[in-house]
> 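Below is a structure I'd like to ask you about.
Order of listing sets the numbers, starting from 1, for every ligand and every atom in it. Nothing fancy with the numbering, it's 1 onward along the sequence.
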Amino acid sequence: MRIISSVAAPNIALIKYWGKRDDLLKLPINDSISITLDEKALASTTTIVLGSKLKRDTFILNGHAGPDAHITEALLLIRRRLGKRHHIIRKPILLISDNNFPTAAGIASSASGFAALAEAVASALGIRNRREISILARLGSGSASRSAFGGYVRWKMGKRKDGEDSFAVQVSPRSRWPQLADVIAISSAERKKVSSKSGMERTLKTSELCHCRQEHVQRAVEKVAGAIRRKDFRSLAYLTMRDSNAMHATMLDSWPPIIYMNDTSRAVVEAVHQYNEKAGSLRAAYTFDAGPNAHVITTRKEAGKIARMLKGIRGVRKVIVSGVGEGSKTIPTPQKTKQLIARILHK
Ligand code: ADP
Ligand code: DP6
């Protein structure tokens, strides 16, 4: 029997992934680029038990046992990929995972959750290759492929049908530009009504605007990668805000329209523009994933002021500040998880 624990943080995309060329393998229609967040601020902590005598896969997510179709599908794909080489992964698995932030509310719990799962599976099977870990994470959730790396990360869309060239690479380590921060304004911790999966399917099928974004998004990825290498915050901020707006425009252009942003999100957009205008330069950049919660990318120096500003906006319930993280990693199994495993397996 093998027991392995891991931790992973979500990432925030500066240039977004919104559309797949293969739904099952989660192969995207464009490259995307993100900052991996710090697991000290936001984390999924996962423990897996392989080779136990359990009769079926058992998941305990945030303390609740129950089925989870998304995790079941991810495991199916992971087993298909690794099962022939590693017999132990074919047996029922016990998965215990906790997120220290709202699940399924657009703060990328799927990214950290599946990156942590991939990290734990890889470690249990002695797989050390980061590219492989990124592919395993991608099978759970596309954006999870990026959380396998720390710092500034690019997920290459790849061209192959089998997805072997679709994985993340590090553009720059945290150590080269540790000064950035993500100030997250939570206005809703509710489960989103339209999942990323069905939302992106609808956009790709119905939005004309989506093709327009497609024409220049690849160039935007190159520009953001360049901005990261030059540590050019202004270009990064400008391109980030433009792509978030462009992606949400394609969502609104879908039919029926998909609306993730709310009044509080829009108030954050206004406030960030005002803040930058007052400062006379781009000091902060908003970006929104598939949810209303705002991510404001700024420098650590500016983060306190931005956090205070966001707390003053109507509808903002909580503000979390995260620095740049180091990517998923294994950790010693927490004591309380060991006790829980013993209780489950000796029932
Ligand atoms: P989010 O915006 O939080 O990523 P999604 O609806 O895209 O929301 O993904 C949420 C789903 O991701 C959950 O229903 C679950 O299937 C999976 N997930 C979330 N957290 C974890 C975790 N810690 N471990 C494994 N899977 C997780
Ligand atoms: C808006 O990675 O959650 O956050 O691959 O279907 O699981 P699936 O989708 P997911 O989508 C993330 C979309 C996004 C943009 C991004 O993170 O790039």
Side-chain angles (χ1 to χ4, degrees), residues 6-37 42-48 59-64 66-75 77-78 93 95-121 137-147 153-155 157 166 168 186 188-201 203-204 217 221 240 243-244 247-248 250-251 258 260-261 287-293 295 328:
S6 62
V7 65
N11 61 78
I12 179 64
L14 307 175
I15 302 293
K16 312 284 188 188
Y17 146 57
W18 194 253
K20 298 184 183 76
R21 61 186 171 89
D22 184 311
D23 288 334
L24 190 67
L25 294 178
K26 295 166 194 84
L27 303 176
I29 53 171
N30 57 267
D31 288 21
S32 53
I33 203 156
S34 59
I35 303 178
T36 298
L37 301 180
L42 298 147
S44 293
T45 305
T46 295
T47 297
I48 57 163
F59 312 138
I60 303 178
L61 189 53
N62 299 320
H64 301 288
D68 186 302
H70 197 160
I71 302 178
T72 301
E73 184 190 287
L75 279 175
L77 294 167
I78 290 172
I93 181 175
L95 177 130
I96 300 167
S97 187
D98 289 298
N99 301 325
N100 67 355
F101 62 96
T103 299
I107 319 175
S109 68
S110 56
S112 50
F114 288 111
L117 174 61
E119 183 74 40
V121 166
R138 192 202 76 214
L139 296 174
S141 218
S143 55
S145 65
R146 298 185 306 239
S147 279
V153 183
R154 176 177 184 159
W155 172 20
M157 63 176 284
S166 184
I186 298 183
S188 164
E190 265 177 42
R191 246 171 202 270
K192 52 193 171 203
K193 288 183 189 76
V194 182
S195 70
S196 309
K197 183 179 185 295
S198 59
M200 58 178 87
E201 269 170 31
T203 300
L204 205 60
V217 69
V221 168
T240 296
D243 190 59
S244 174
M247 179 185 73
H248 285 272
T250 70
M251 292 164 168
I258 307 162
Y260 289 118
M261 289 171 68
T287 183
F288 299 84
D289 280 345
N293 300 313
H295 291 255
S328 57

> To the closest 0.5 Å, what do you measure between OG (Ser110) and CG (Leu117)?
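The CG atom of Leu117 is 12.0 Å from OG of Ser110, to the nearest 0.5 Å.
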> Give me the one residue out of Lys192, Lys16, His248 that meets side-chain hydrogen bond (donor to acceptor under 3.5 Å, both in side chains) with Asp289.
Lys16
> For Asn99, take its heavy atoms, then give the atoms of ligand 1 lying under 4.0 Å from any of them.
19 (C), 20 (N), 21 (C), 22 (C), 23 (N)
> For ligand 2, is any non-hydrogen atom under 4.0 Å from Ala13's backbone (N, CA, C, O), its side chain (CB onward), both, or neither?
side chain
> Under 4.0 Å from a heavy atom of Ser44: which atoms of ligand 1 are those, numbered in the order shown and with their elements?
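Listed by number with element: 23 (N).
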> Taking Ser141 for its side chain and Ala144 for its backbone only, find out whether a donor-acceptor pair lies under 3.5 Å.
no
> Is there a heavy atom in Ser110 that sits closer than 4.0 Å to ligand 2?
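Ser110: in contact with ligand 2 (<4.0 Å).
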> For ligand 1, is any non-hydrogen atom under 4.0 Å from Ser196's backbone (N, CA, C, O), its side chain (CB onward), both, or neither?
side chain
> Would you mind running through ligand 1 and noting each atom that sits below 4.0 Å from a heavy atom of Ile107?
2 (O)
> Could you list the atoms of ligand 1 found under 4.0 angstrom from a heavy atom of Asp68?
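That gives atoms 14 (O), 15 (C), 16 (O) of ligand 1.
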> Using a 4.0 Å heavy-atom threshold (strictly under), name the region of Lys197 that reaches ligand 1: side chain, backbone, both or neither.
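Lys197 to ligand 1: no contact under 4.0 Å from either part.
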> Under 4.0 Å, heavy atoms only, figure out whether ligand 1 is touched by the backbone of Ala108, its side chain, both or neither.
backbone
> Should the proximity of Leu61 to ligand 1, defined as any heavy atom under 4.0 Å, be assigned to the side chain, the backbone, both, or neither?
side chain
> May I ask whether Ser32 has any heavy atom positioned less than 4.0 angstrom from an atom of ligand 2?
no
> With respect to atom 9 (O) of ligand 1, which of Pro102, Gly199, Ser110 exhibits the smallest heavy-atom separation?
Ser110
> Please state which part of Arg146 comes within less than 4.0 Å of ligand 2, counting heavy atoms only: side chain, backbone, both or neither.
side chain
